[in-house]
Amino acid sequence: MTPEEAVAEQERLRSLVVPRTDPGLVVRRVAGLDVSYAEDDRLAAAVVVLDAGSLETVEEVVVPGRADFPYVPGLFAFRELPSLMTALERLSAPPDLLVCDGQGLAHPRRFGLACHVGVLTGLPSLGVAKTPMGRFTPPGEHRGAHSDLVDDGEVVGRALRTREGVKPVFVSVGHLIDLDRACAEVLRLCVTRLPETTRRADALGRAQLR
DNA sequence: GCGACAG
DNA sequence: ATCTTGTCGC
């Protein structure tokens with residue numbers, strides 16, 4: 001697939017994003033998705049499922065793969081999606097929510113990795129990025145403080161302080177969830193700056209490359 | 001031409 | 001993303 005085709009694919013799928021939460025959504029099994037890279041073109045896609053209440057790990061899947069798409073800002077998903085989808089298919093049961101490492105609607109075409117994974121799986125999803133895709137005013141210093149993440153005059157996500165006095169993370173809607181609920185879910189997953197879901201998926205992916 | 005640009 | 005231990009600070 002060429003970068004041009006990838007852009008067309010994003011524009012075709014973005015209309016399928018549902019930025020609302022089903023009234024009956026109960027999040028018990030939460031999955032963290034992350035991909036680690038080796039020095040060559042090898043990569044490892046990891047998915048770790050936690051019990052949302054206890055934060056205990058209940059399932060892990062890691063899949064080896066190759067980076068066959070270049071890293072291009074805005075097309076990031078095409079690098080990680082194939083292996084992540086394979087990993088998700090190997091879970092014993094679909095999670096209630098997918099927590100992605102990167103942006104959701106906070107994307108130049110409003111279709112970041114979190115939206116893409118959500119639409120392809122049909123599962124609720126959200127994105128937690130370590131750097132912003134847009135502008136924001138620093139949120140208050142206390143845990144839970146937040147401010148709008150704005151891009152092109154639109155509120156595309158939120159800068160969320162997940163820990164007192166630490167740089168905020170950037171949360172945006174992926175699919176089948178609203179921004180308030182997305183931030184609430186992220187906050188309850190955070191013991192340190194990043195959600196436990198992504199921290200554990202990151203650790204699993206790195207271990208796999210050894 | 002210059003700056004921006006998830007991981 | 002990755003290269004990387006100890007260390008300064010609360």
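These figures come from a predicted structure and were not determined experimentally.
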For this session: Rounded off to whole Å, could you give me the CZ-to-P distance for the A/R109 and B/dA6 pair?
Result: 12 Å
For this session: Report which part of the nucleic acid A/L43 touches: base, sugar-phosphate, or nothing (heavy-atom distance under 4.0 Å, all strands).
Result: nothing
Problem set entry | Sugar-phosphate only, base, or nothing, as touched by A/L33 at under 4.0 Å among non-hydrogen atoms | nothing
Exercise. Using 4.0 Å as the upper bound for N to carboxylate O, is an ion pair formed by A/D148 and A/R135?
Worked result: no
Exercise. Separation of A/Y71 atom OH from B/dG7 atom P, in whole Å?
Worked result: 7 Å
Exercise. Minimum heavy-atom separation for A/L160 to A/G144, with atom names?
Worked result: CD1-O, 3.8 Å
Problem set entry | side chain to side chain contact (heavy atoms under 4.5 Å, CB included) partner of A/S125, the single match among A/L98, A/L33, A/V17 | A/L98
Problem set entry | DNA chain C: 5'-most and 3'-most nucleotides touching chain A, 4.0 angstrom heavy-atom criterion | C/dA1 to C/dT2
Seminar exercise, completed: In whole angstroms, the gap separating C1' of B/dA6 from CD of A/Q10 amounts to 12 Å
Seminar exercise, completed: Whole-Å distance, A/Q103 CD to B/dA6 P, equals 8 Å
For this session: Indicate the ring-plane relationship of A/H116 and A/F78, choosing parallel, tilted or perpendicular according to the 30° and 60° boundaries.
Result: perpendicular
Exercise. For A/T192 and A/R163, does a side-chain donor sit closer than 3.5 Å to a side-chain acceptor?
Worked result: no
Exercise. Base, sugar-phosphate, or nothing: which does A/R206 touch, judged by heavy atoms less than 4.0 Å apart?
Worked result: sugar-phosphate
Problem set entry | Whole angstrom value for the distance that separates P of B/dA6 from CZ of A/F170 | 12 Å
Problem set entry | Strand DNA chain C in bracket notation, Watson-Crick/G-U under 3.5 Å with | for pairs to another chain | ..........
For this session: Figure out the NZ/P separation between A/K130 and B/dC5, and round it to whole Å.
Result: 16 Å
Exercise. Hey, are A/R29 and A/D96 close enough for a salt bridge, meaning a charged N less than 4.0 Å from a carboxylate O?
Worked result: no
Seminar exercise, completed: Atom CG of A/D151 and atom P of B/dA6 are separated, to the nearest Å, by 12 Å
For this session: Report yes if a side-chain nitrogen or oxygen of A/T131 is closer than 4.0 Å to either non-bridging phosphate oxygen (OP1 or OP2) of B/dC5; otherwise report no.
Result: no
Seminar exercise, completed: Sorted by chain and residue number, the salt bridge (charged side-chain N to carboxylate O under 4.0 Å, His left out) partners of A/R42 (sequence neighbours excluded) come out as A/D40
For this session: Say whether A/D178 and A/T21, considering side chains only, have a donor N or O and an acceptor N or O under 3.5 Å apart.
Result: yes
Exercise. Contact class for A/G165 (heavy atom, under 4.0 Å): base, sugar-phosphate, or nothing?
Worked result: nothing
Exercise. Does a nitrogen or oxygen in the side chain of A/Y37 sit under 4.0 Å from OP1 or OP2 of B/dG7?
Worked result: no
Problem set entry | Length of the line joining A/H107:NE2 and B/dA4:C1', which is rounded to integer Å | 14 Å
For this session: Evaluate the side chain to side chain donor-acceptor pair (under 3.5 Å) criterion for residues A/S92 and A/E59: first the C-alpha distance (whole Å), next the side-chain angles of each, then the deciding distance (0.1 Å), finally the verdict.
Result: CA-CA 8 Å; A/S92 62; A/E59 187 167 9; 2.9 Å; yes
